[in-house]
Amino acid sequence: MAITKAFWKEAVVYQIYPRSFKDSNGDGIGDLPGIISKLDYLQDLGITVLWLSPVYKSPNDDNGYDISNYEDIMDEFGTLADWENLLEGLHARGIKLMMDLVVNHSSDEHAWFLESRKSKDNEYRDYYIWRTSNEENTPPNNWSSAFSGPAWQFDEATGEYYLHIFSKKQPDLNWENPKLRHAIYDMMRFWLDKGVDGFRMDVINFISKADGLPSAGTEKLAWGGDYFMNGPRIHEYLQEMNHEVLSHYDVITVGEMPGATVEQAKKYTGEDRHELQMVFQFEHMDIGSGPGGKWDLAPWTLEDLRSILHKWQVGLAEEGWNSLYLNNHDQPRMVSRFGNDGEYRLESAKMLATLLHTLKGTPYIYQGEELGMTNVTFTSLDQYKDIEILNMYQEKVVEGGADHAAILEAIHVKGRDNARTPMQWDGTPNGGFTEGTPWIEVNPNYKEINAELALQDPNSVLSYYKQLIALRKKSPIMVYGDYELLLPYHDSIYAYTRTLEGEQWAVLLNFFADSVEIPDELGIDLGGKEVILSNYPTEGREMNLLRPYEARIYRIQ
Ligand code: NOJ
């Protein structure tokens, strides 16, 4: 099949969670001037697109994912003029800007919602999803919120409930209403006309709800995902958005889509369908969870991870395009989750980086990943700030009587605040993130793990990321090459080839802390083959043995 080239396929995206990136004014909260002060760092790293988590006006119930004004900047982060400077600084360095688009819901403090809740005949009433209760004092259906408790909130003023799949300060927008849809398209044009280069779309596959909003089974509370994930009108809405807005600009788009399958992703990202370019799928984020869901910790195997990544590689080989990520602001740190954040932190962070940059798709780096930043083990609940963690603790421990220590352990492993501790810039107090008191404590390992040290060390995780990114920029095979799995049943090695126009590379990754022999079933004679990049020095290399977490990229043709 002919290859269609595109900047967003060749891109290396870097995600900034602004609250935790760099504070410039000592209020303990990261901000836009802080980001601007680090643009040279990003350019030096080599990334080509910046995805900025929300910077819009927000009361911060969910750190900016609850937006009260889509066309202005959050006070803590700066001003629209700061934002213009950021865009200019990025573009001057050849970096594109992808904004977060959060339009499944707004804040309850958005002007639309303030109007909507006033009366049943308000002109904004239908911008949100209002229902009466079925029986006295019960919500309209049994859906639970992603942040614990019911997904419905009763509102005194009109005696009806509104739907909120996330917190009660994040009412869901009613996409059935064409006026709402067009207001969103106008807002998207507002940013695109200012020069924005694309959007990451928050839970965008939640925007179409099933007719009648049926209850999910008979439990008192249950996740209603079957009735709003990939809902009946989702493709129609995305095609309309593409037709109205996206098709008029040369942009990068990625839709965050919990629960999306390969088959659905083909529809969302197939080039002839005119919807989106990529989705963030979640299947590999769900490994390591038992039947009780996210907080029910369970072991995982390489096969669990590989079979999912492989399925997506093969599934989107001809149609659609993959996004490649192992962590973000909602997930624990990749090196703690899939690698080894103790003895083999450097090796395993680099091995995972090799995976991300050599699978077929567009890699997404989350701030601090390039330093090998790790999870944090706060010992007191007060140190945690995330609404998901705090609501879950309230529900499970305070109201449900679950064991405090067990839940704290689950938070250590899975909590979103693992990713939200401040970026570790140097060894000065608070890791150089702020001169004030940070809104969330810095990970105490900042004296050993920080950008200043990494920049000086040719062996650092950061230096390795730079090598990988530079390699990708000059090697079309890393972007466009076909993927083929090797050693499909191996317990500790993930191996595959990439092939493009007579050139072939092999990638070998040891996922564990024991050395492992490369079996003959690999089917490739590695003798005399060039190692293009490895996370270990050449010295001590044995052709048929991978050391702990060793990664090698070979040129075999
Ligand atoms: C997904 C975002 O990434 C997450 O941070 C947020 O809490 C929810 N969507 C709700 O917006």
Side-chain angles (χ1 to χ4, degrees), residues 1-13 15 48-49 51 98 198-201 203-205 229-230 234-235 238-239 241-242 246-247 251-287 303-328 331 338 352 354-365 472 475-486 488 494-501 504-507 509:
M1 206 177 103
I3 294 173
T4 332
K5 295 199 168 177
F7 85 82
W8 48 268
K9 295 182 179 172
E10 294 170 21
V12 177
V13 185
Q15 182 194 354
T48 61
V49 175
W51 153 26
M98 178 159 70
F199 294 107
R200 172 267 185 190
M201 303 186 187
V203 288
I204 199 70
N205 64 331
M229 289 155 84
N230 315 300
I234 183 68
H235 296 290
L238 290 175
Q239 283 171 10
M241 177 197 279
N242 188 294
L246 301 171
S247 61
V251 285
I252 172 168
T253 55
V254 54
E256 187 206 23
M257 300 208 180
T261 62
V262 170
E263 286 315 306
Q264 285 155 347
K266 282 187 192 172
K267 293 198 179 149
Y268 289 122
T269 68
E271 283 178 32
D272 54 347
R273 293 189 41 93
H274 307 291
E275 297 186 16
L276 299 174
Q277 294 158 345
M278 287 170 263
V279 305
F280 285 138
Q281 60 89 11
F282 275 66
E283 291 185 332
H284 64 311
M285 290 292 116
D286 295 337
I287 68 173
E303 176 56 11
D304 295 335
L305 179 66
R306 179 178 47 209
S307 60
I308 293 167
L309 296 179
H310 174 69
K311 179 176 71 180
W312 282 82
Q313 288 289 300
V314 172
L316 299 190
E318 303 291 336
E319 246 176 294
W321 190 254
N322 272 295
S323 70
L324 304 166
Y325 76 98
L326 289 174
N327 52 196
N328 58 38
Q331 300 293 338
F338 299 110
L352 294 167
T354 312
L355 174 75
L356 282 172
H357 288 81
T358 59
L359 285 176
K360 188 172 179 184
T362 299
Y364 288 74
I365 303 168
R472 187 179 160 91
S475 314
I477 189 172
M478 286 172 83
V479 181
Y480 298 108
D482 292 335
Y483 157 100
E484 206 168 328
L485 182 64
L486 301 168
Y494 188 2
Y496 45 92
T497 54
R498 300 291 306 277
T499 309
L500 185 72
E501 291 159 2
Q504 189 166 53
W505 293 11
V507 180
L509 308 168

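Interatomic distance, Met98 CE to Ile252 CD1, rounded to the nearest 0.5 Å: 4.5 Å. Atom CG of Leu305 and atom CG of Leu355 lie 7.0 Å apart (nearest 0.5 Å).
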Exercise. Report the C-alpha separation of Tyr364 and Gln15 in whole Å, then their side-chain angles, then the decisive distance to 0.1 Å, and conclude whether the side-chain contact (heavy atoms from CB on, under 4.5 Å) test is met.
Key: CA-CA 7 Å; Tyr364 288 74; Gln15 182 194 354; over 6 Å; no

Exercise. Determine, stepwise, if the pair Met478 / Thr358 fulfils side-chain contact (heavy atoms from CB on, under 4.5 Å).
Key: CA-CA 6 Å; Met478 286 172 83; Thr358 59; 4.2 Å; yes

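Partners of Ala265 under the side-chain contact (heavy atoms from CB on, under 4.5 Å) rule, at least two apart in sequence or in another chain, are Val279, Trp312, Leu316. Checked against side-chain contact (heavy atoms from CB on, under 4.5 Å), Lys360 has the following partners two or more places apart in sequence or in another chain: Gln313, Trp321, Asp482, Arg498. Looking at residues two or more places apart in sequence or on another chain, you find a side-chain contact (heavy atoms from CB on, under 4.5 Å) between Asp304 and Ile287, Trp300, Thr301. Residues meeting the salt bridge (Lys or Arg N to Asp or Glu O under 4.0 Å) test with Glu484, sequence neighbours left out: none. Residues satisfying the salt bridge (Lys or Arg N to Asp or Glu O under 4.0 Å) criterion with Arg200, sequence neighbours excluded, are Asp100, Asp202, Glu256. Legend: residues meeting side-chain hydrogen bond (donor to acceptor under 3.5 Å, both in side chains) with Tyr268, ordered by chain and number and at least two apart, are Asn230.
Taking the six-membered ring where the residue is Trp, the centroids of Phe282 and Phe280 are separated by 6.0 Å or more.
Ring geometry for Tyr494 against Tyr483 counts as perpendicular: the plane angle is over 60°, on a 0 to 90° scale with 30° as the lower cut.
Side chain of Ser323 to backbone of Met278: no donor-acceptor contact under 3.5 angstrom is found.
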